[in-house]
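First listed ligand is number 1; within each ligand, the first listed atom is number 1. Note that these values count all heavy atoms, side chains included, but never hydrogens, waters or copies made by symmetry. All of these numbers come straight from a predicted model, not from anything done at the bench.
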Amino acid sequence: MTSTPIDLRSDTVTKPTLEMRAAMARAEVGDDVFDEDPTVHILQDRVAQLLGKEAALFVPSGTMANQICIRAHTCPGDELLCETTSHVYVWEAGGPAALSGVTTRPVDGDFGVLDVQQLQNLIRPANEHYTRSRLVVLENTHNRGGGRIFPLEKIQAISTWAHANGLSMHLDGARIWNASVASGIALEAWCQPFDSVAVCFSKGLGAPIGSAVVGTRDFVAKARRIRKLFGGHMRQVGILAAGAIHALDHHVSRLADDHRHAKILAQAIQDSPGLRLDPPFVETNLVWFEVDPALASAPIFANRLREKGILVHPAGPTTLRACTHLDVSIEQTAYAADMIRTISHHSHW
Ligand code: TLP
(Lines give C-alpha, C1' and ligand atoms only; values in the text may rest on other atoms or scores of the structure.)
Protein backbone atom coordinates (compact mmCIF):
# COMPACT_ATOMS: atom_id res chain seq x y z
CA MET A 1 0.00 0.00 0.00
CA THR A 2 1.45 3.37 -0.99
CA SER A 3 0.48 6.62 0.75
CA THR A 4 -0.51 8.79 -2.24
CA PRO A 5 -2.89 6.88 -4.49
CA ILE A 6 -1.67 5.91 -7.94
CA ASP A 7 -4.38 7.63 -9.94
CA LEU A 8 -5.06 5.79 -13.19
CA ARG A 9 -8.63 7.09 -13.62
CA SER A 10 -7.71 9.54 -16.40
CA ASP A 11 -4.84 11.51 -17.89
CA THR A 12 -6.88 14.59 -16.93
CA VAL A 13 -5.78 14.16 -13.29
CA THR A 14 -2.19 15.28 -13.90
CA LYS A 15 -1.07 18.24 -11.81
CA PRO A 16 1.14 21.01 -13.21
CA THR A 17 4.81 20.40 -12.44
CA LEU A 18 6.86 22.99 -10.55
CA GLU A 19 8.53 24.02 -13.84
CA MET A 20 5.14 24.43 -15.50
CA ARG A 21 3.86 26.52 -12.58
CA ALA A 22 6.99 28.69 -12.81
CA ALA A 23 6.40 29.21 -16.55
CA MET A 24 2.79 30.13 -15.81
CA ALA A 25 3.84 32.61 -13.12
CA ARG A 26 6.28 34.30 -15.53
CA ALA A 27 3.76 34.59 -18.39
CA GLU A 28 3.23 37.97 -19.99
CA VAL A 29 -0.49 38.57 -20.18
CA GLY A 30 -3.07 40.93 -21.66
CA ASP A 31 -6.80 40.98 -22.22
CA ASP A 32 -7.45 38.13 -24.65
CA VAL A 33 -10.95 39.33 -25.45
CA PHE A 34 -9.22 42.43 -26.89
CA ASP A 35 -6.92 39.85 -28.59
CA GLU A 36 -4.02 41.40 -26.63
CA ASP A 37 -2.56 38.48 -24.71
CA PRO A 38 0.94 37.89 -26.12
CA THR A 39 1.31 34.43 -24.58
CA VAL A 40 -2.00 33.28 -26.06
CA HIS A 41 -0.78 34.50 -29.45
CA ILE A 42 2.43 32.51 -29.10
CA LEU A 43 0.47 29.37 -28.21
CA GLN A 44 -2.12 29.80 -30.98
CA ASP A 45 0.55 30.40 -33.65
CA ARG A 46 2.58 27.46 -32.41
CA VAL A 47 -0.38 25.06 -32.44
CA ALA A 48 -1.58 26.18 -35.88
CA GLN A 49 1.91 25.66 -37.25
CA LEU A 50 2.37 22.26 -35.56
CA LEU A 51 -0.94 21.01 -36.96
CA GLY A 52 -0.37 22.50 -40.42
CA LYS A 53 -3.36 24.86 -40.32
CA GLU A 54 -3.71 28.64 -40.76
CA ALA A 55 -4.95 29.60 -37.32
CA ALA A 56 -5.85 28.41 -33.82
CA LEU A 57 -8.04 29.57 -30.95
CA PHE A 58 -7.45 28.85 -27.25
CA VAL A 59 -10.59 27.59 -25.47
CA PRO A 60 -11.24 26.28 -21.93
CA SER A 61 -12.08 22.62 -22.61
CA GLY A 62 -12.07 19.83 -25.16
CA THR A 63 -15.83 19.68 -25.01
CA MET A 64 -16.12 23.36 -25.87
CA ALA A 65 -13.57 22.97 -28.68
CA ASN A 66 -15.61 20.17 -30.27
CA GLN A 67 -18.95 21.90 -29.79
CA ILE A 68 -17.70 25.21 -31.20
CA CYS A 69 -16.55 23.36 -34.32
CA ILE A 70 -19.84 21.50 -34.68
CA ARG A 71 -21.72 24.80 -34.41
CA ALA A 72 -19.40 26.46 -36.94
CA HIS A 73 -19.83 23.69 -39.52
CA THR A 74 -23.62 23.29 -39.30
CA CYS A 75 -27.01 25.01 -39.28
CA PRO A 76 -29.92 23.94 -37.05
CA GLY A 77 -31.65 20.90 -38.59
CA ASP A 78 -28.45 19.54 -40.16
CA GLU A 79 -27.02 16.10 -39.36
CA LEU A 80 -23.55 14.94 -38.40
CA LEU A 81 -22.11 11.44 -38.75
CA CYS A 82 -19.88 9.98 -36.06
CA GLU A 83 -18.93 6.70 -34.45
CA THR A 84 -21.39 5.31 -31.86
CA THR A 85 -18.98 5.46 -28.92
CA SER A 86 -17.40 8.79 -29.79
CA HIS A 87 -16.91 11.46 -27.13
CA VAL A 88 -18.98 14.10 -28.96
CA TYR A 89 -21.94 11.71 -29.00
CA VAL A 90 -21.69 9.96 -25.61
CA TRP A 91 -19.88 12.30 -23.23
CA GLU A 92 -20.69 15.86 -24.22
CA ALA A 93 -24.09 16.14 -22.57
CA GLY A 94 -26.05 16.15 -25.83
CA GLY A 95 -24.10 19.19 -27.04
CA PRO A 96 -24.80 18.81 -30.78
CA ALA A 97 -28.57 18.83 -30.15
CA ALA A 98 -28.56 21.39 -27.35
CA LEU A 99 -26.00 23.87 -28.69
CA SER A 100 -26.26 23.52 -32.47
CA GLY A 101 -29.71 22.00 -33.06
CA VAL A 102 -28.21 19.22 -35.17
CA THR A 103 -29.13 15.55 -35.20
CA THR A 104 -26.39 13.01 -34.72
CA ARG A 105 -26.29 9.81 -36.73
CA PRO A 106 -24.04 7.31 -34.95
CA VAL A 107 -22.38 4.49 -36.89
CA ASP A 108 -20.95 1.39 -35.17
CA GLY A 109 -17.20 1.20 -35.60
CA ASP A 110 -14.51 -1.36 -34.97
CA PHE A 111 -13.19 -0.06 -31.63
CA GLY A 112 -13.97 3.46 -32.80
CA VAL A 113 -12.70 3.04 -36.35
CA LEU A 114 -15.04 3.53 -39.33
CA ASP A 115 -14.64 2.50 -42.96
CA VAL A 116 -15.72 4.82 -45.74
CA GLN A 117 -18.00 2.04 -47.06
CA GLN A 118 -20.08 2.30 -43.88
CA LEU A 119 -20.76 5.98 -44.54
CA GLN A 120 -21.31 5.94 -48.29
CA ASN A 121 -25.05 5.26 -48.19
CA LEU A 122 -25.79 7.57 -45.31
CA ILE A 123 -26.03 10.92 -47.08
CA ARG A 124 -29.63 12.10 -47.00
CA PRO A 125 -31.33 12.86 -50.31
CA ALA A 126 -31.47 16.55 -51.27
CA ASN A 127 -35.19 16.80 -50.63
CA GLU A 128 -37.09 19.04 -48.23
CA HIS A 129 -38.20 16.09 -46.09
CA TYR A 130 -34.73 15.23 -44.94
CA THR A 131 -32.12 16.65 -42.63
CA ARG A 132 -28.99 17.85 -44.47
CA SER A 133 -25.90 15.69 -44.00
CA ARG A 134 -23.18 18.25 -43.25
CA LEU A 135 -20.34 16.93 -41.13
CA VAL A 136 -18.27 13.88 -40.24
CA VAL A 137 -16.64 13.81 -36.78
CA LEU A 138 -13.82 11.34 -36.13
CA GLU A 139 -11.81 10.80 -32.91
CA ASN A 140 -8.08 10.04 -32.78
CA THR A 141 -6.94 8.42 -30.59
CA HIS A 142 -10.34 6.91 -29.88
CA ASN A 143 -11.09 6.95 -26.17
CA ARG A 144 -13.74 4.22 -25.92
CA GLY A 145 -11.99 2.36 -28.73
CA GLY A 146 -9.22 1.71 -26.19
CA GLY A 147 -6.97 4.60 -27.15
CA ARG A 148 -6.89 3.14 -30.64
CA ILE A 149 -5.13 5.03 -33.42
CA PHE A 150 -7.49 5.66 -36.36
CA PRO A 151 -5.52 4.33 -39.39
CA LEU A 152 -4.48 7.28 -41.58
CA GLU A 153 -5.48 5.66 -44.87
CA LYS A 154 -9.01 5.10 -43.53
CA ILE A 155 -9.21 8.77 -42.50
CA GLN A 156 -7.99 9.84 -45.94
CA ALA A 157 -10.60 7.70 -47.69
CA ILE A 158 -13.38 9.13 -45.52
CA SER A 159 -12.12 12.67 -46.08
CA THR A 160 -11.96 12.29 -49.87
CA TRP A 161 -15.49 10.91 -49.93
CA ALA A 162 -16.84 13.53 -47.48
CA HIS A 163 -15.38 16.48 -49.37
CA ALA A 164 -16.55 15.12 -52.73
CA ASN A 165 -20.07 15.07 -51.25
CA GLY A 166 -20.03 18.51 -49.65
CA LEU A 167 -19.50 17.31 -46.06
CA SER A 168 -16.94 18.88 -43.73
CA MET A 169 -14.53 16.89 -41.57
CA HIS A 170 -13.88 17.57 -37.88
CA LEU A 171 -11.31 15.75 -35.75
CA ASP A 172 -11.69 15.32 -32.00
CA GLY A 173 -7.93 15.22 -31.47
CA ALA A 174 -7.97 15.45 -27.68
CA ARG A 175 -5.21 12.80 -27.75
CA ILE A 176 -3.78 13.39 -31.23
CA TRP A 177 -0.39 13.87 -29.52
CA ASN A 178 -0.52 10.23 -28.43
CA ALA A 179 -1.42 9.08 -31.96
CA SER A 180 1.51 11.01 -33.41
CA VAL A 181 4.10 9.80 -30.87
CA ALA A 182 2.93 6.17 -31.03
CA SER A 183 2.74 6.04 -34.84
CA GLY A 184 5.72 8.25 -35.67
CA ILE A 185 3.43 10.09 -38.14
CA ALA A 186 3.64 13.90 -37.88
CA LEU A 187 0.75 15.85 -36.38
CA GLU A 188 0.38 17.76 -39.63
CA ALA A 189 -0.26 14.55 -41.59
CA TRP A 190 -2.86 13.40 -39.06
CA CYS A 191 -4.70 16.74 -39.33
CA GLN A 192 -4.41 17.35 -43.09
CA PRO A 193 -7.66 15.48 -44.01
CA PHE A 194 -9.71 17.63 -41.62
CA ASP A 195 -11.26 21.09 -41.94
CA SER A 196 -11.12 21.60 -38.18
CA VAL A 197 -9.32 19.98 -35.29
CA ALA A 198 -9.85 20.14 -31.52
CA VAL A 199 -6.81 19.38 -29.34
CA CYS A 200 -6.37 19.23 -25.55
CA PHE A 201 -3.41 20.36 -23.46
CA SER A 202 -4.96 19.10 -20.22
CA LYS A 203 -4.80 15.36 -20.85
CA GLY A 204 -1.53 13.53 -21.50
CA LEU A 205 0.35 16.81 -21.95
CA GLY A 206 -0.26 17.66 -18.31
CA ALA A 207 -1.44 21.29 -18.49
CA PRO A 208 -4.09 22.12 -15.89
CA ILE A 209 -6.62 23.66 -18.32
CA GLY A 210 -6.95 24.35 -22.01
CA SER A 211 -7.75 23.17 -25.50
CA ALA A 212 -7.57 24.67 -28.98
CA VAL A 213 -9.65 24.83 -32.12
CA VAL A 214 -7.56 24.76 -35.30
CA GLY A 215 -8.52 25.46 -38.93
CA THR A 216 -8.49 28.11 -41.64
CA ARG A 217 -8.35 31.81 -40.68
CA ASP A 218 -12.00 32.24 -41.66
CA PHE A 219 -13.06 29.19 -39.69
CA VAL A 220 -11.21 30.37 -36.58
CA ALA A 221 -12.80 33.84 -36.88
CA LYS A 222 -16.19 32.14 -36.89
CA ALA A 223 -15.13 29.92 -33.98
CA ARG A 224 -14.09 33.01 -32.01
CA ARG A 225 -17.59 34.42 -32.29
CA ILE A 226 -19.11 31.11 -31.17
CA ARG A 227 -16.65 30.92 -28.27
CA LYS A 228 -18.10 34.25 -27.12
CA LEU A 229 -21.63 32.92 -27.55
CA PHE A 230 -20.77 29.86 -25.43
CA GLY A 231 -19.12 32.08 -22.80
CA GLY A 232 -15.67 30.58 -23.36
CA HIS A 233 -13.75 33.83 -23.83
CA MET A 234 -11.25 34.59 -21.05
CA ARG A 235 -9.16 37.61 -20.08
CA GLN A 236 -5.53 37.33 -18.84
CA VAL A 237 -5.47 33.73 -19.96
CA GLY A 238 -1.81 33.81 -20.96
CA ILE A 239 -1.22 32.26 -17.55
CA LEU A 240 -2.93 29.11 -18.83
CA ALA A 241 -1.46 29.37 -22.32
CA ALA A 242 2.02 29.39 -20.73
CA GLY A 243 1.22 26.01 -19.13
CA ALA A 244 0.21 24.66 -22.53
CA ILE A 245 3.38 26.04 -24.18
CA HIS A 246 5.49 24.42 -21.47
CA ALA A 247 3.61 21.15 -22.10
CA LEU A 248 4.35 21.33 -25.86
CA ASP A 249 8.03 21.98 -25.10
CA HIS A 250 8.51 19.26 -22.51
CA HIS A 251 5.71 16.73 -22.39
CA VAL A 252 5.10 15.47 -25.93
CA SER A 253 7.88 12.97 -26.64
CA ARG A 254 7.60 11.53 -23.12
CA LEU A 255 4.12 10.22 -24.03
CA ALA A 256 6.07 7.18 -25.28
CA ASP A 257 6.70 6.34 -21.58
CA ASP A 258 2.95 6.37 -20.93
CA HIS A 259 2.43 4.01 -23.86
CA ARG A 260 5.07 1.61 -22.52
CA HIS A 261 3.47 1.74 -19.07
CA ALA A 262 0.03 1.03 -20.54
CA LYS A 263 1.42 -2.12 -22.18
CA ILE A 264 2.74 -3.28 -18.80
CA LEU A 265 -0.74 -2.91 -17.30
CA ALA A 266 -2.25 -4.63 -20.33
CA GLN A 267 0.09 -7.60 -19.84
CA ALA A 268 -0.96 -7.87 -16.19
CA ILE A 269 -4.61 -7.92 -17.26
CA GLN A 270 -3.90 -10.59 -19.84
CA ASP A 271 -2.19 -12.67 -17.15
CA SER A 272 -5.18 -12.35 -14.82
CA PRO A 273 -7.98 -14.90 -14.68
CA GLY A 274 -11.35 -13.15 -14.70
CA LEU A 275 -10.06 -10.06 -16.53
CA ARG A 276 -10.15 -9.45 -20.28
CA LEU A 277 -8.62 -6.63 -22.29
CA ASP A 278 -11.28 -5.01 -24.48
CA PRO A 279 -10.11 -4.09 -27.07
CA PRO A 280 -7.56 -6.91 -26.92
CA PHE A 281 -4.70 -4.55 -27.85
CA VAL A 282 -3.23 -1.39 -26.35
CA GLU A 283 -1.73 1.14 -28.75
CA THR A 284 -1.41 4.26 -26.56
CA ASN A 285 -2.13 5.22 -22.94
CA LEU A 286 -5.67 3.90 -22.37
CA VAL A 287 -6.33 0.39 -21.10
CA TRP A 288 -9.97 -0.71 -21.19
CA PHE A 289 -10.85 -4.05 -19.65
CA GLU A 290 -13.74 -6.24 -18.57
CA VAL A 291 -14.31 -8.15 -15.35
CA ASP A 292 -15.98 -11.56 -15.54
CA PRO A 293 -19.43 -10.88 -14.00
CA ALA A 294 -19.41 -14.35 -12.42
CA LEU A 295 -16.50 -13.21 -10.23
CA ALA A 296 -17.05 -9.52 -9.55
CA SER A 297 -18.30 -6.23 -10.91
CA ALA A 298 -16.31 -3.22 -12.08
CA PRO A 299 -17.00 -1.26 -8.85
CA ILE A 300 -15.91 -4.25 -6.72
CA PHE A 301 -12.66 -4.70 -8.64
CA ALA A 302 -12.03 -0.94 -8.52
CA ASN A 303 -12.55 -1.03 -4.74
CA ARG A 304 -10.07 -3.88 -4.32
CA LEU A 305 -7.50 -1.82 -6.19
CA ARG A 306 -8.38 1.27 -4.16
CA GLU A 307 -7.56 -0.68 -0.98
CA LYS A 308 -4.09 -1.17 -2.48
CA GLY A 309 -3.74 2.53 -3.24
CA ILE A 310 -4.63 2.35 -6.95
CA LEU A 311 -7.49 4.24 -8.57
CA VAL A 312 -9.07 3.09 -11.85
CA HIS A 313 -12.28 4.24 -13.51
CA PRO A 314 -15.26 1.87 -13.38
CA ALA A 315 -16.93 2.91 -16.63
CA GLY A 316 -19.82 0.41 -16.63
CA PRO A 317 -21.15 -2.61 -14.69
CA THR A 318 -18.24 -4.80 -15.83
CA THR A 319 -16.08 -2.27 -17.69
CA LEU A 320 -13.02 -0.45 -16.35
CA ARG A 321 -10.44 1.97 -17.71
CA ALA A 322 -6.88 2.51 -16.54
CA CYS A 323 -4.98 5.38 -18.02
CA THR A 324 -1.25 6.09 -17.79
CA HIS A 325 0.15 9.62 -17.66
CA LEU A 326 2.82 12.05 -16.53
CA ASP A 327 2.17 11.51 -12.82
CA VAL A 328 2.54 7.71 -12.93
CA SER A 329 6.12 6.41 -12.77
CA ILE A 330 7.46 3.08 -14.01
CA GLU A 331 7.70 1.90 -10.36
CA GLN A 332 4.08 2.80 -9.71
CA THR A 333 3.07 1.07 -12.94
CA ALA A 334 4.93 -2.09 -11.90
CA TYR A 335 3.24 -1.98 -8.47
CA ALA A 336 -0.20 -1.53 -10.08
CA ALA A 337 0.49 -4.43 -12.47
CA ASP A 338 1.50 -6.64 -9.51
CA MET A 339 -1.64 -5.73 -7.60
CA ILE A 340 -3.88 -6.47 -10.60
CA ARG A 341 -2.30 -9.94 -10.81
CA THR A 342 -2.47 -10.52 -7.04
CA ILE A 343 -6.13 -9.55 -6.65
CA SER A 344 -7.27 -11.53 -9.67
CA HIS A 345 -5.45 -14.69 -8.52
CA HIS A 346 -7.32 -14.66 -5.18
CA SER A 347 -10.31 -16.99 -5.07
CA HIS A 348 -12.44 -14.30 -3.35
CA TRP A 349 -12.43 -10.84 -4.87
N1 TLP B 1 -12.51 12.72 -21.74
C2 TLP B 1 -12.54 12.47 -20.32
C3 TLP B 1 -13.97 12.15 -19.90
O4 TLP B 1 -14.85 13.13 -20.34
C5 TLP B 1 -14.47 10.83 -20.39
C6 TLP B 1 -11.59 11.34 -19.99
O7 TLP B 1 -11.31 11.16 -18.79
O8 TLP B 1 -11.10 10.68 -20.92
N9 TLP B 1 -12.53 14.27 -26.49
C10 TLP B 1 -12.07 13.13 -25.95
C11 TLP B 1 -11.65 12.02 -26.84
C12 TLP B 1 -11.97 13.02 -24.55
O13 TLP B 1 -11.54 11.87 -24.03
C14 TLP B 1 -12.36 14.10 -23.74
C15 TLP B 1 -12.31 14.01 -22.23
C16 TLP B 1 -12.83 15.27 -24.37
C17 TLP B 1 -12.90 15.32 -25.75
C18 TLP B 1 -13.32 16.46 -23.57
O19 TLP B 1 -12.33 17.15 -22.93
P20 TLP B 1 -12.68 18.11 -21.68
O21 TLP B 1 -12.78 17.21 -20.48
O22 TLP B 1 -11.52 19.04 -21.63
O23 TLP B 1 -13.96 18.79 -21.99
Inset, instruction - Please report which non-hydrogen protein atom sits nearest to atom 9 (N) of ligand 1, along with the residue it belongs to and the distance in Å to one decimal place. - result: Asp172 OD2, 2.7 Å
Legend entry - Polar atom proximity, Ser211 to ligand 1 (N or O, under 3.5 Å): no
Legend entry - Leu80 with Leu122, same ILVMFWY side-chain cluster at under 4.5 Å: no
Inset, instruction - Answer with yes or no whether the hydrophobic clustering places Leu51 together with Leu255; edges join I, L, V, M, F, W, Y residues whose side-chain heavy atoms lie under 4.5 Å apart. - result: yes
Inset, instruction - Identify, by atom number and element, the atoms of ligand 1 in contact range of Ser61, meaning under 4.0 Å from any of its heavy atoms. - result: 22 (O), 23 (O)
Legend entry - Protein contact of atom 7 (O) of ligand 1 - nearest heavy atom, named by residue and atom, plus distance: Ser10 OG, 2.7 Å
Inset, instruction - Consider only side-chain N and O atoms of His41 and Asp35, and report whether a donor and an acceptor are under 3.5 Å apart. - result: yes
Inset, instruction - Can you sort out which atoms of ligand 1 are near Thr63, meaning under 4.0 Å from one of its heavy atoms? - result: 18 (C), 19 (O), 20 (P), 23 (O)
Legend entry - Atoms in ligand 1 flagged as close to Gly62, the criterion being non-hydrogen separation under 4.0 Å: 18 (C), 19 (O), 20 (P), 22 (O), 23 (O)
Legend entry - Arg254/Asp258 salt bridge by N-O under 4.0 Å criterion: yes
Inset, instruction - May I ask you to say whether Arg46 pairs ionically with Asp249, meaning some side-chain N is under 4.0 Å from a carboxylate O? - result: yes
Inset, instruction - Using the side-chain hydrogen bond (donor to acceptor under 3.5 Å, both in side chains) rule, pick out the option among Thr284, Asn285, Asn178 that qualifies with Asp11. - result: Asn285
Inset, instruction - Taking the six-membered ring for Trp and the full ring for Phe, Tyr or His, determine whether the centres of His261 and His325 are under 6.0 Å apart. - result: no
Legend entry - Protein heavy atom at shortest distance from atom 4 (O) of ligand 1: His87 NE2, 3.0 Å
Legend entry - Donor on one side chain, acceptor on other, Glu19 and His250, under 3.5 Å: no
Legend entry - Nearest-neighbour protein heavy atom for atom 19 (O) of ligand 1, which is reported as residue plus atom name and distance: Lys203 NZ, 2.9 Å
Inset, instruction - Show which atoms of ligand 1 fall inside a sub-4.0 Å distance from at least one heavy-atom site of Glu139. - result: 11 (C)
Legend entry - Mode of Arg175 contact toward ligand 1 - side chain, backbone, both, neither (heavy atoms, under 4.0 Å): side chain
Inset, instruction - Please identify which atoms of ligand 1 are closer than 4.0 Å to at least one heavy atom of Arg321. - result: 6 (C), 7 (O), 8 (O)
Inset, instruction - Considering the heavy atoms of Glu92, write down every atom of ligand 1 situated less than 4.0 Å from one of them. - result: 17 (C)
